[in-house]
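Treat the numbers as computed from the prediction; the structure is a model and nothing was measured. Just so you know, residue 1 is the first one in the sequence shown, and it goes up from there.
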Amino acid sequence: MKFSNGCWLLKEGYESFSPKQVFRTKLEKDMVTIYAPTNHIKHRGDTLGGVNLTIQITVPAPEVIRVQTIHYMGVVHKTPEFELNYNTNTSIQAEEDESQITITSGSLKLIITKNDWSMTYVRDKEMLTKSAGNDLAYVKTDWKGYAYDRGEEDNTYMRQQLSLSVGELIYGLGERFTPFVKNGQTVDIWNEDGGTSTEQSYKNIPFYITNKGYGVFVNHPEKVSFEVGTEQVTKAEFSVPGESLDYFVINGPTLKEVLTRYTDLTGKPALPAAWTFGLWLSTSFTTNYNEETVLNFVDGMFERGIALRVFHFDCFWMKDFCWCDFTWDSKVFPDPAGMLSRLKEKGLKICVWINPYIAQESTLFKEGAEGGFFLKRKDGSIWQWDMWQPGMAIVDFTNSDARKWYSDKLEALLAMGVDCFKTDFGERIPTDVIYADGSDPVKMHNYYTYLYNKTVYELIQRKKGKEEAILFARSATVGGQKFPVHWGGDCWSDYESMEESLRAGLSLMMSGFGYWSHDIGGFESTSTPDVYKRWAAFGLLSSHSRLHGSTSYRVPWVYDEEAVDVVRFFTKLKASIMPYLYKTAVETSITGIPTMRSMVLEFMEDKNCQYLDKQYMLGDSLLVAPIFNENGIAQYYLPKGSWTDYFTGETVEGNQWITKECGYLSIPLMVREHSIIAIGDQERADYDYANHVLLKVYELMEGKEAETIVYNVKGEKELSIKLLQNNGEIIITANAKKHYRIQFVNRKLHEVSNGTLTTIGADSIITPEILSDKLSCR
């Protein structure tokens, strides 16, 4: 939200009050409290009126500083609040002298000047960002000239502006389809069902990260308005309505370390089951289908050699006008339990579509109404409207009885054979309602999705175990990363939508989310065969891969036979790299560093990577550059170092842009130097990754250790290996439970100890004689 009229003036009718000095300080074991009047106190008479701000500073974790600024402390505290992980009793290191107060958290410091108010965040000796002058402000938008006039809360805001340095770039703020770098954008944190082609977003996260290696998390579930180099082009601004502001500054110094610390605070992405990384196929949305259609699709995929892993039933598994009643439409599915059993005999997992709305025609509407399970209007009546489902009501997930009621309905589906749920919607949540627990409806607008997805996720955890819990969710807020997986929403079926989907996914994963998917081929309308095939390559080199559409089917043979070849090829490719990809996923669940990474996240110091949003790193070693044009021309940037084409073995020096024409059975997939890629030989996503795994070694660097781990499908370590090259000799230290081989790509070896050496083309392959041992080769 903008408050000013140019550089010097406020908008007409607005007034702001900013700290002018530190009048009094209270240093306690776990908190520094500052009393900061908004006018200079020259004599006692100046203390008799005016706006005073109370600033509370804590250190909830190392390298993190929390700042809470409060005007009126007597305002009723409203819920909900984000579920955060931190120690509220952490001791604080603070020093005060005549001129300043210094709060220290590891290498991060906040320095507050006392007589001429300023707040400066410093890492070691480097200034990260600063707030001074009128940057921190209590703002009235209906100013009548009376400092004691509280007025309407809607007309009261708290604002902070933090300086942006020359060349400083902002990323994150959730899933955003607008430009990847957020400088110059106004971003309102307010979940909307707006598709993928506008500034609206399904997943709004009040957290940004900068290329200077720090992040800012604004701890407010309600609407947070960001002005990123807009109202003041040298400042990142955030504001919230009301009488207080709460934010955290999170140090790196690397972007990865910022994400690790942010997810320490807000929750780590849970580890999805290995089978979820396989190919998902949907009925699509408004298409006509029955069991015969479904079986034809499933059998058609298997007959064509495409290893389908999950089948998804979209909305019309239930009878029209009845969403949600969680009852199979008997006209098209007369034997749902038998059908699910038959599908599971084919080795499939089953997903069904749900949403948190109960239509008036649903058999559950009366049940929910009588139980008091729906959101209510202020007059006590049930909140209903006709958008999406006629007369629909919304489940109140603040009501524990409603949560149990909703969960019980889903539990019956799990018992029938359903494995997981696509938790659609959760964005169009009204604010003129009453919640059972008294939650503030404005704060609940964004937060609703957290309770919705948490309810469903925790049900699956209880019934199937933590390792099997999985959603396919569209909406999210802070902490939603704990309930994976999320997909990118309703996109069109063209290259522009494919590009904006990737941009949004990378933005989401710069905001604490670990795994991501999108509708291969696009959702709305029907893509050309060309777009479908290019999107299939991109989709099957994403963490999660789903074929889904709106008015048309997404099985590849409805496009052309070449599309079948493409889907088959990339499905097999993804299955083959699953030992590598699942290792990446396990690390994501531990560190919070996403599986799919923007180039700047992986190559923070390379200025050429700062704006790149049409390519990404899949894990730390594989670079993927989707093709976004009908000419098959790939254009991508390789950072400094040696890179190897995964398909051809060709080696290319980095620090340059590459232009390359690719057929449909190809995509720029480049391996970073000094990498070990673990490869399997199965066609489905979940298998025994460690058994006879092939470890492909690329361009070892002298004197620097290379290592990798292979986990099993339970996330347990089964193989670890380290390689160290010195003066042409490679020392290999392995700890393995099962047989493995090591392939040195583009390298001829001449001798090996404790192993057998073979040569294939330009590569050398070592088969160890003893599983856990030390080998050497040259």
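Cation-pi geometry between Arg546 and Trp487 is met: the NZ or CZ atom falls under 6.0 Å from the ring centre, inside 45° of the normal. Cation-pi check for Lys533 over Tyr664 is met; the charged atom lies under 6.0 angstrom from the ring centroid and within 45 degrees of its normal.
Using a 3.5 Å distance cut-off with no hydrogens or angles, the side chains of Asp613 and Ser598 do not pair a donor with an acceptor. In this model, no donor atom of one side chain and acceptor atom of the other lie less than 3.5 Å apart for Asn735 and Ser720.
Results of the side chain to side chain contact (heavy atoms under 4.5 Å, CB included) test with Tyr646 over Leu623, Val624, Ile577 single out Ile577 as the only residue that passes. Among Val752, Leu724, Leu723, the single residue meeting the side chain to side chain contact (heavy atoms under 4.5 Å, CB included) criterion with Ile732 is Leu723.
Proximity of a side-chain donor or acceptor of Ser507 to a complementary backbone N or O of Gly174 within less than 3.5 Å is detected. Side-chain N or O atoms of Gln656 include none that pairs as donor or acceptor with a backbone N or O of Val652 at under 3.5 Å.
Contact check for Leu108 versus Val122: no side-chain heavy atoms found under the 4.5 Å cut-off. For the pair Val216 and Tyr214, the minimum side-chain heavy-atom distance is below 4.5 Å.
Annotation: Tyr262 is in aromatic contact with Phe207 [ring centroid separation under 6.0 Å]. Tyr495 has its ring centre no less than 6.0 Å from the ring centre of Phe628. Taking the six-membered ring for Trp and the full ring otherwise, His486 and Phe472 have centroids separated by 6.0 Å or more.
Here Phe180 pairs with Tyr171 under the ring-ring contact (aromatic ring centres under 6.0 Å, His included) rule; sequence neighbours left out. The ring-ring contact (aromatic ring centres under 6.0 Å, His included) check on Tyr687 picks up Tyr689, with sequence neighbours excluded.
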**Request:** Evaluate the criterion ring pair (Phe, Tyr, Trp, His ring centres under 6.0 Å) for residue pair Phe217 and Phe248; output intermediate values, then yes/no.
**Result:** CA-CA 5 Å; Phe217 165 48; Phe248 296 73; 5.6 Å; yes
**Message:** side-chain hydrogen bond (donor to acceptor under 3.5 Å, both in side chains) for Lys774 and Ser753? Distances and angles first, verdict last.
**Reply:** CA-CA 9 Å; Lys774 182 171 286 189; Ser753 67; over 6 Å; no
